[in-house]
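To find a chain, count down the sequence lines: A is the first, B the second, and so on, and within it residues start at 1.
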Amino acid sequence: MSNGKTGRKALSWVWLVLGLAYFFIPLISTFLFSLKGKKGVLSFVAYQHVFADPNFLKTFTFSLQMSIYTILVGLILIVPTAIWINLKLPKVKPLIELFSLMPFVIPPVVLAFGLIKSYARPPLALVSSPALLVAGYVVISFPYIYRSIDTGLTSIDLKVLTEAAQSLGAGWGSILFRVILPNLRTALLSAIFLTFATVIGELTLAVLLAWPAFGPYMAHVGRDLAYEPAALAILSFMMTWGSISIIQILSRGIPGSRSNVGGLH
Amino acid sequence: MGFIELHGVSKSFGKNTVVRNLFLSVEKGEFVSFLGGSGCGKTTTLRMIAGFEIPSSGKILVDGKDVSNVPPAKRNLGMVFQNYALFPNMTVRKNIGFGLKIAGVSAHEIEKRVDEMLALIHMEEFANRYPHQLSGGQQQRVALARAIAVRPKALLLDEPLSALDAKIRVRLRDDIRAIQQKLGITTIYVTHDQEEAMSISDRIAVMRNGKIEQIGTPFEIYNRPATSYVASFIGTLNLLEATVVDANNGIVSIGSMKLKTASSLDRMQDKPVKLTVRPEALSFANPADPVTADTNVLSGTIETIKFLGSTVRYVMKFGDTFMYMDRFNNPQLELPKKGDPVSVIFSKEACRILPADEESANSLKGTEEEL
Ligand SMILES: Nc1ncnc2c1ncn2[C@@H]1O[C@H](COP(=O)(O)OP(=O)(O)OP(=O)(O)O)[C@@H](O)[C@H]1O
Ligand SMILES: [Mg+2]
């Protein structure tokens with residue numbers, strides 16, 4: 001009997017090692033490859049090249065800016081909507097959930113052409129404005145924002161908390177800022193980082209609307225160079241994990257909150 | 001005029017009417033319970049008073065003012081929920097002080113009032129804990145303190161104890177009553193637990209199908225139930241199908257047995273009725289006792305005996321009819337066995353006659369009052 005037990009234990013170790021290998025081998029080989037920029041020795045020269053290229057910083061800053069606008073617009077639009085739907089219109093929830101899948105079903109190319117067609121001529125000649133890009137990004141990140149917030153809202157007893165606050169005299173402002181949002185901290189953080197990751201890497205919209213964004217830059221580098229793309233891949237991987245660690249750290253010690261990271265997958 | 005008044009209040013959800021033309025008047029400082037089975041409209045009625053539901057028709061008055069169109073945040077009524085509803089992001093102190101902060105009370109004053117509340121619920125040492133670090137009973141105490149910290153006009157509680165285990169439930173209900181008496185706060189309390197309602201309330205409103213079937217003190221409700229629903233909802237009861245055989249002398253028959261009652265049964269000759277008698281009204285007949293015109297004596301056999309602790313419940317069979325009798329326990333008691341013959345006695349005043357069907361409830365009411 002004890003033999004069977006150790007056997008099963010060994011088997012789970014084997015699976016764990018296989019899983020980790022599946023995950024880490026490509027990562028490690030990419031990393032090693034990124035260090036081979038100089039013949040014969042391992043060096044960070046590819047990383048130096050990445051940081052030395054003025055376009056790296058320029059496109060990254062641009063995309064960072066766009067992601068901040070997208071996050072602001074997205075949260076301002078979607079958070080009150082999600083709260084209202086959960087409180088007052090739970091019947092339309094399935095419909096909104098269906099809507100939130102649209103960006104996955106409709107390719108970004110279609111979205112981009114739609115935007116160009118609709119906003120190319122007066123009175124709505126917005127094609128040259130970054131507002132149109134942000135609008136497109138909001139559409140693309142809608143599923144991530146909505147689902148993070150919705151997960152957060154269902155993990156607290158929204159209706160009863162709202163009623164408790166109302167019975168204590170609170171208006172909508174106090175309810176939102178003192179009761180609901182503080183309890184959504186984790187959900188908000190995960191919405192923010194998912195949107196950030198989406199916008200930073202986005203390619204199609206940026207190319208078709210002709211903006212010097214980080215996505216097109218990465219694609220360009222990947223096409224023309226060998227070691228630098230590997231370095232970029234490692235950098236963006238570190239950024240993603242950095243973001244997730246920040247969510248974990250910031251949400252630690254929030255009473256009653258569970259981390260919502262990964263709630264989407 | 002009552003402090004809280006409901007005038008012909010109804011509520012429908014779509015086609016489903018859940019509260020029907022309800023009238024109620026609660027005095028200032030009074031503790032009234034809504035008692036009734038699941039789905040009878042207790043919560044809906046309470047939520048209309050709190051302002052979370054809008055009545056389909058009728059008026060609600062609090063302190064003489066029509067509040068029907070006042071939003072809940074402006075009604076100044078404290079509310080305690082079944083699942084505590086504490087704010088998870090705030091400590092006990094912040095939770096209790098929340099309403100005061102909203103009201104713009106100074107930080108110093110809030111501190112003072114929260115300390116008073118913590119003392120009232122005996123939880124001074126928990127001030128800086130978060131809700132998830134408290135037991136259910138402690139959380140509900142904090143919720144109670146939070147609701148009364150703003151000195152609301154009235155306190156509304158919706159089954160506040162039903163998520164707690166039995167021991168805590170009894171202790172906390174006594175605490176709620178004590179605090180209510182100390183502050184003299186008008187209170188409406190929803191429960192489906194009859195024992196809880198009886199032990200805590202000044203008056204009980206027994207609800208059924210969106211209506212108040214009877215309202216009265218626990219003593220009245222228990223001893224003078226107006227309908228067989230109320231009678232059977234509260235306590236244990238012998239509820240027997242009977243037929244009026246002699247309306248003038250208040251005599252009914254159950255099978256081959258004839259029983260005397262103190263009810264006047266005008267215009268009920270030969271009609272079916274229900275006879276009710278509480279198990280504690282029965283006792284063993286002593287052969288030496290003279291049978292008077294005012295007592296009923298029945299002979300039958302023991303069916304089973306249930307030992308309930310402080311009392312012993314005898315289940316007996318008289319012809320085709322089963323009846324309960326409750327007697328106090330005592331260690332010298334010799335319990336009879338199944339099949340043993342018994343003879344029980346009860347007064348005719350202990351028998352209440354109730355209408356056989358609910359429609360006739362009103363026609364009999366007049367005669368009930370004369371008793
Ligand atoms: N928002 C609503 N929409 C539709 N129907 C509702 C709504 N709220 C309550 N009801 C219905 O109204 C009826 C009364 O509900 P209510 O919650 O008042 O009952 P209750 O007496 O509190 O019961 P319980 O003891 O189970 O809490 C139920 O049949 C319920 O299904
Ligand atoms: Mg209820």
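- The two residues B:Ala73 and A:Ala170 come nearest to each other via the heavy atoms CB-O, 3.6 Å.
- Annotation: A:Tyr69, atom OH; neighbour count of heavy atoms from other residues, nucleotides and ligands within 6.0 Å does not exceed 12.
- For B:Asn76, no part lies under 4.5 angstrom from a heavy atom of chain A.
- If you measure heavy-atom distances from B:Leu86 to chain A, the contacts under 4.5 Å come from the backbone alone.
- Counting non-hydrogen atoms of neighbouring residues, nucleotides and ligands closer than 6.0 angstrom, the NZ atom of B:Lys112 reaches no more than 12 such neighbours.
- Counting heavy atoms from C-beta on, the side chains of B:Phe81 and A:Asp157 never come closer than 4.5 Å.
- Environment of OH in A:Tyr22: sparse, with no more than 12 heavy atoms of neighbouring residues, nucleotides or ligands closer than 6.0 Å.
- For A:Leu161 against B:Ala85, the heavy-atom pair with the smallest separation is CD2-O, 3.6 Å.
- The side-chain heavy atoms of B:Ile102 and A:Leu168, taken from C-beta on, include no pair separated by under 4.5 Å.
- Annotation: A:Phe237, atom CZ; neighbour count of heavy atoms from other residues, nucleotides and ligands within 6.0 Å is above 12.
- Residue-environment remark: CZ (A:Phe177) stays at or below the threshold of 12 foreign heavy atoms within 6.0 Å.
- In this structure, A:Arg178 and B:Phe87 have side chains that are not in contact, with every pair of non-hydrogen atoms separated by 4.5 Å or more.
- Other residues, nucleotides and ligands contribute only 12 or fewer heavy atoms inside 6.0 Å of the NZ atom of B:Lys94.
- Applying the 6.0 Å contact sphere to NE2 of B:His192 captures no more than 12 heavy atoms from other residues, nucleotides or ligands.
- Using modelled atom types, no side-chain atom of B:Asn89 and backbone atom of A:Leu184 make a donor-acceptor pair closer than 3.5 Å.
- For B:Arg146, the parts lying near chain A are the backbone and the side chain together; criterion is any non-hydrogen pair under 4.5 Å.
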